[in-house]
4 protein chains.
Amino acid sequence: MDPRTKRKQREYEARRQEILSAAECLFSKNGFFKTSMAEIAQGAQFAMGTVYRFFKSKEEIYISIVEAKVEELAELLDEEIALVKTPSDKIQAFIRVKLDYADRHRDFFRIYVSEWSGYEWTIKSAFGERVWKLYMAQVDLVADLIKEGIRRKEFRKIDPKDAALALHGMLNSTMYVWILQAKPSESLIDKRNLISTLFLNGIQKESKPSYIRRVV
Amino acid sequence: MDPRTKRKQREYEARRQEILSAAECLFSKNGFFKTSMAEIAQGAQFAMGTVYRFFKSKEEIYISIVEAKVEELAELLDEEIALVKTPSDKIQAFIRVKLDYADRHRDFFRIYVSEWSGYEWTIKSAFGERVWKLYMAQVDLVADLIKEGIRRKEFRKIDPKDAALALHGMLNSTMYVWILQAKPSESLIDKRNLISTLFLNGIQKESKPSYIRRVV
Amino acid sequence: MDPRTKRKQREYEARRQEILSAAECLFSKNGFFKTSMAEIAQGAQFAMGTVYRFFKSKEEIYISIVEAKVEELAELLDEEIALVKTPSDKIQAFIRVKLDYADRHRDFFRIYVSEWSGYEWTIKSAFGERVWKLYMAQVDLVADLIKEGIRRKEFRKIDPKDAALALHGMLNSTMYVWILQAKPSESLIDKRNLISTLFLNGIQKESKPSYIRRVV
Amino acid sequence: MDPRTKRKQREYEARRQEILSAAECLFSKNGFFKTSMAEIAQGAQFAMGTVYRFFKSKEEIYISIVEAKVEELAELLDEEIALVKTPSDKIQAFIRVKLDYADRHRDFFRIYVSEWSGYEWTIKSAFGERVWKLYMAQVDLVADLIKEGIRRKEFRKIDPKDAALALHGMLNSTMYVWILQAKPSESLIDKRNLISTLFLNGIQKESKPSYIRRVV
DNA sequence: TATGAATGAGAGTTCATTCAT
DNA sequence: TATGAATGAACTCTCATTCAT
């Protein structure tokens, strides 16, 4: 490819990222509705018209932020889950990676949790649908792990989707309250053992000795 | 009391309710920001000025809806929990009552879940604080039940608040997805056994035979 | 006349006065536009509908206040001016009575000055015209005194109307600044000698020894 | 400076002036409260949002009009007063310049007089304070001239501030009535001699032959 | 291509006035 | 006659989006 074109593409991407960064910070602080395009443009050091060259609406910026991060998270989850064998271990990895990611992207997770259960009703668009699908893909990922666990007789016969949803909720509410605390007394990652234990004990066969590997 | 005054009070309350009803429906459908006072007034069949005789701002309407319902739910929870003895049974009652209430107040729970995890950042006011406290009171209620269970050696030694939060999340995400389905294939109350089993197995002592009473 | 009818009339007048009193106080404090009918009604201890039985609009209340007081002042001026003989003395009496009246009706004079030169452009009605005529009648009263003084060769040949207007302005600005002071260091009546001296010296024949009687 | 930037500044200033002009006309005709932002925008041939790019509130427009003109007048007064020597001449210059300015800025003086004595009670803000100070600076300017006249034994021993206030009032009421006349039979400047004579005779030492220079 | 001034519909809120009780 | 709840037009101000430069 023409190196000139390449450089242009790189620059384009860089500008796009700057806008997303500025917007992420503002959305996280003030919410979607109380953040204005003027603020986003100023935060990204661009004129408003320029912002509109990259995103056709405020809504699209919002969706793009969520999409990018959720995709990144999805990849991370896939990678880490692939490293271990048993469904139990995979679920533990899932929990660990997700909490860790939230720990490191606090700003974004403010938006994430909010989107997951708050804005969905106010942002109805093709994009909203796409984000929703990404979310549900995460739930389905866990559901599949549970299904495999049931097949292996490690887990009890429960509805995999419902159980996956429950795990999602446990993680979300935990993250939510952690985010609200101005100075979290403890790292979010410390909640990992509680959630792992709680969830795995909850779905494992009663007979099976509940052994949760403690990760240091 | 003067019967005339009484009737007036009744009428006042009736009108107030009509406004709250209309607003609840609209907030539930479109969210707080995309619902206008003009829509609320029209929905309640009143002039805008009339709405302002009952509520001094849009925010107050919102808060009133949440507060009233959350308080009602809190009372229901208290009552039902008092009817059974053991922490396990009380937690099961908690889950049942909450899912049942959501089943019967679908519109409101759209707002409830939204508020619980999305709204806090955009509306911070004395009212917002009050609602937040009501939410946390529910979490604390469960935390106390868990504490008691731990004291009785029925539950494992876990952080009661964190566990309570996890249960809250499980319920919320379950309700959330159920609400999003236009025509729920099954009643929300059917999820009760899954969540009860999952959560109680999760927190109970491993030695103890996990016995979840099936409620018919 | 039927004594019953009489009592009714007395009561009617009493109610009317209560409304005017409350309104005067409020207009004086907050101005015409920032005073609401609800406040006036509440201040007079009546329902809003009742206020409208006595005055057909907020504007009419405003005008009525001004009219009543200006008429009272006009009568006082006539009486006091009649007690002395020379144009000089009459003018001094005019100044004294007006300042004294302002001293005693501070609230009203806030409105008076305001009306005299502020609100006229915002309140255009038949009533506004009437108040304007009352004001100008006061100017004409002084103009006539000056005319008489000129005829008697006590005053110089100047335009009586213009001179009268000038006196009006001197009084107004003096009263205005006095009213604005939260705690006037001195009584408004103390300004009398300055204004009398200034104005009479200004219009008297140069040859004539300027003798201003000092009133104790 | 970059010529492009310069042109932009010029255009910005031009637009700002257009808004101020339209507002001045409307405020003068209908008063502050009965003039709506929609009318101002329409009068200036702009969209409402555009008006708000230049002024952050209706109040700020109002204040800006008054401030700009009062400052211009203040400069004119300073200049003209500096051209003559004696306090008497300076006071005459003051009167002449002010009447002349009113003659040429009729619309504004409607607002000026109104503000001077009617507005203070309804708009109390940092801006209002500023305008009030500008007004009082004019009074103080005259007060200083009178003080100097007293020191030179040209004027009688009177309170300089009170006398200055009286002059202000004479000018205001004269201007006010002139403004109210739809088609003034005579130019406002013709009142100059009356006011000068009246005021200077009023404050000059009796012994001193009253010599008022007639300006052609 | 980048700009940011201009747009104008629409927001929440107020309040003089009316009228059923 | 007295009430005060109801009205709804009008208010000030915001901001996502467009487009001439």
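Below, chain A is the first sequence line, B the second, and so on; all start at residue 1.
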Checking N1-N3 plus N6-O4 or O6-N4 for Watson-Crick, or N1-O2 and O6-N3 for wobble, each under 3.5 Å, the partner of F:dT12 is E:dA11

Is the ring pair C:F54/C:Y12 parallel, tilted or perpendicular, if the boundaries are 30 and 60 degrees?
tilted

Tell me what B:T50 touches on the nucleic acid: a base, only sugar-phosphate, or nothing, going by heavy atoms under 4.0 Å.
base

Minimum-distance nucleotide to D:Y52 side chain [options: E:dA6, F:dT17, F:dT14]:
F:dT14

Rounded to whole Å, the NZ-P distance (D:K56 to F:dC15) equals 16 Å

Of the nucleotides E:dA2, E:dA6, F:dT17, which one has an atom closest to the side chain of D:R15?
E:dA6

Take C:S57 and A:F54, find for each the nucleotide of DNA chain E with the closest heavy atom, and name the residue whose nucleotide sits nearer the 5' end.
A:F54

Quick one: on DNA chain F, does B:M48 or A:M48 contact a more 5' nucleotide (nearest heavy atom)?
B:M48

Could you give the CE-to-C1' distance, from A:M37 to E:dT7, as a whole number of Å?
16 Å

Can you tell me if D:E71 has over 12 outside heavy atoms packed within less than 6.0 Å of its CD?
yes

For C:Y62 and E:dA16, give me the distance from atom OH to atom C1', rounded to whole Å.
17 Å

Any side-chain heavy atom of C:L26 sitting closer than 4.5 Å to one from C:K34?
no

To the nearest angstrom, the CZ-P distance between B:R7 and E:dT21 comes to 9 Å

Where do A:V66 and A:F108 come nearest, in terms of heavy atoms and distance?
CA-CE1, 3.7 Å

Reading DNA chain F from 5' onward, which residue's closest nucleotide shows up sooner: B:Q45 or A:A38?
B:Q45

B:F33 has an atom CZ; how far is it from atom C1' of E:dA11, in whole Å?
12 Å

Please report, rounded to the nearest Å, how far the P atom of E:dT13 is from the CZ atom of B:F55.
13 Å

D:R53 CZ - E:dG4 C1' separation (whole Å):
7 Å

Options F:dA2, E:dG8, F:dA5, nucleotide nearest the side-chain atoms of D:A47
E:dG8

Touch class at under 4.0 angstrom, heavy-atom based, for D:F46 against every strand present
sugar-phosphate

Who is the Watson-Crick or G-U wobble partner of F:dA20, with both distances under 3.5 Å?
E:dT3

For C:Q42 and E:dA16, give me the distance from atom CD to atom C1', rounded to whole Å.
16 Å

Would a 4.5 Å heavy-atom cut-off, applied to side chains only, mark A:Y52 and A:M37 as touching?
yes

Residue pair D:K8/B:K58 against DNA chain E: nearer the 5' end by closest nucleotide is D:K8

